[in-house]
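Accompanying notes for the structure given below.
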Amino acid sequence: KAGVTQTPRYLIKTRGQQVTLSCSPISGHRSVSWYQQTPGQGLQFLFEYFSETQRNKGNFPGRFSGRQFSNSRSEMNVSTLELGDSALYLCASSYRAIRPGVAYEQYFGPGTRLTVT
Amino acid sequence: AQTVTQSQPEMSVQEAETVTLSCTYDTSESDYYLFWYKQPPSRQMILVIRQEAYKQQNATENRFSVNFQKAAKSFSLKISDSQLGDAAMYFCAYLENTGNQFYFGTGTSLTVIP
């Protein structure tokens, strides 16, 4: 089974621009979560999408947005880029637990390294 | 929001020796799940081990085992017979029983010394 794929792997943008990152989950996984990883901060949760709907959202400004398509592929958009947005953006997919007592681990993609200059 | 704390930003271990990585978490829930993820320099994060809070028995996966102390809200990872390939960033993660949002610690960078 193919793993989680993310494109592009590397991206360089300038302040004020916007960027779109893409994530294709493992086949059969309908939950996609996005994380921002920076040194010393670990993984900061951005949001989770399931069935084309945002289900959970982290504490990030509205410049960060996302969407999910009917094939479960997800995109993340960051508008008006700031220097502090430079980070590794990770996407993770999983099945989604629909009842207590069931939990599914997340499978991560290789990440997109975004550099804002 | 739940809090996951990894108090050891960096650790090192001699090859073939044993090392323990610490993790504590804060929750008022009684049912939840805990995970250790490994992120090698290649950046692909992979699952190492998971523990269900309702299970008293500590999880084990080959050379990896956990010491789960529910009352103390502690979840440490023990790596036995350390190998060069174990060098990576290790993240502890928490998942609520009824949720789908993972909470991650800030990570511990493990160096394996030949």
Side-chain angles (χ1 to χ4, degrees), chain A residues 2-6 9-10 23 25-26 29-51 53-60 68 87-114, chain B residues 1-10 21-25 27 29-55 59 61 64 66 75 88-109:
Chain A
V4 179
T5 58
Q6 291 186 246
R9 293 292 308 279
Y10 302 91
C23 171
I26 290 173
H29 288 183
R30 295 171 60 198
S31 172
V32 174
S33 297
W34 288 90
Y35 297 88
Q36 181 194 68
Q37 184 179 7
T38 54
Q41 292 294 316
L43 278 73
Q44 302 291 311
F45 174 76
L46 282 155
F47 29 66
E48 181 216 359
Y49 282 86
F50 176 75
S51 291
T53 303
Q54 187 180 90
R55 303 292 177 149
N56 289 296
K57 188 178 191 302
N59 189 26
F60 277 82
Q68 187 179 35
L88 180 69
Y89 289 88
L90 293 170
C91 162
S93 77
S94 70
Y95 297 111
R96 197 172 203 270
I98 57 174
R99 58 180 174 86
V102 178
Y104 299 102
E105 56 262 32
Q106 294 189 332
Y107 292 83
F108 286 82
T112 294
R113 170 70 65 185
L114 172 65
Chain B
Q2 312 304 337
T3 304
V4 179
T5 302
Q6 293 180 251
S7 59
Q8 306 155 315
E10 297 178 346
L21 309 183
S22 301
C23 172
T24 59
Y25 55 94
T27 184
E29 304 293 323
S30 58
D31 289 328
Y32 48 86
Y33 303 84
L34 297 164
F35 303 81
W36 277 99
Y37 278 87
K38 169 186 176 182
Q39 188 181 42
S42 66
R43 298 291 183 181
Q44 191 90 31
M45 189 100 77
I46 57 175
L47 177 69
V48 175
I49 198 166
R50 65 179 275 170
Q51 173 80 44
E52 290 80 0
Y54 64 84
K55 289 185 178 179
E61 285 288 340
F64 299 87
V66 300
F75 181 61
M89 183 75 81
Y90 287 82
F91 291 96
C92 176
Y94 168 97
L95 175 68
E96 290 177 351
N97 187 31
T98 55
N100 285 278
Q101 180 174 342
F102 280 69
Y103 297 89
F104 284 85
T106 51
T108 296
S109 178

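We name chains A, B, ... by the order of the sequence lines, and we start the count at 1 in each one. Keep in mind that the numbers below use all heavy atoms, side chains included, and drop hydrogens, waters and symmetry copies.
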Check whether A:Arg55 gets within reach of chain B through its side chain, its backbone, both or neither, counting any heavy atom under 4.5 Å.
neither
Reported CD-to-CD distance for the pair B:Gln101 and A:Gln106, which is rounded to 0.5 angstrom:
9.5 Å
Should we say atom NZ of B:Lys55 is surrounded by more than 12 heavy atoms from elsewhere, each under 6.0 Å from it?
no
Heavy-atom distance under 4.5 Å to chain A: side chain of B:Gln6, backbone, both or neither?
neither
Which portion of B:Tyr32 sits near chain A, non-hydrogen atoms under 4.5 angstrom
neither
Can you say whether A:Phe47 sits under 4.5 Å from chain B via the side chain, the backbone, both, or neither, judging by heavy atoms?
neither
About how many Å separate CD of B:Gln39 and CG of A:Leu90, when rounded to the nearest 0.5 Å?
6.0 Å
The reported gap from OH in A:Tyr107 to CG in B:Leu47 (rounded to nearest 0.5 angstrom) is 7.0 Å
Begin with the C-alpha distance, continue with both residues' side-chain angles, and end with the deciding distance and a verdict on side chain to side chain contact (heavy atoms under 4.5 Å, CB included) for A:Gln37 and B:Phe91.
CA-CA 12 Å; A:Gln37 184 179 7; B:Phe91 291 96; 3.3 Å; yes
Using heavy-atom distances under 4.5 Å, tell me whether B:Phe102 contacts chain A through its side chain, its backbone, both, or neither.
both
B:Tyr33 side chain vs A:Glu105 backbone, donor-acceptor pair below 3.5 Å:
no
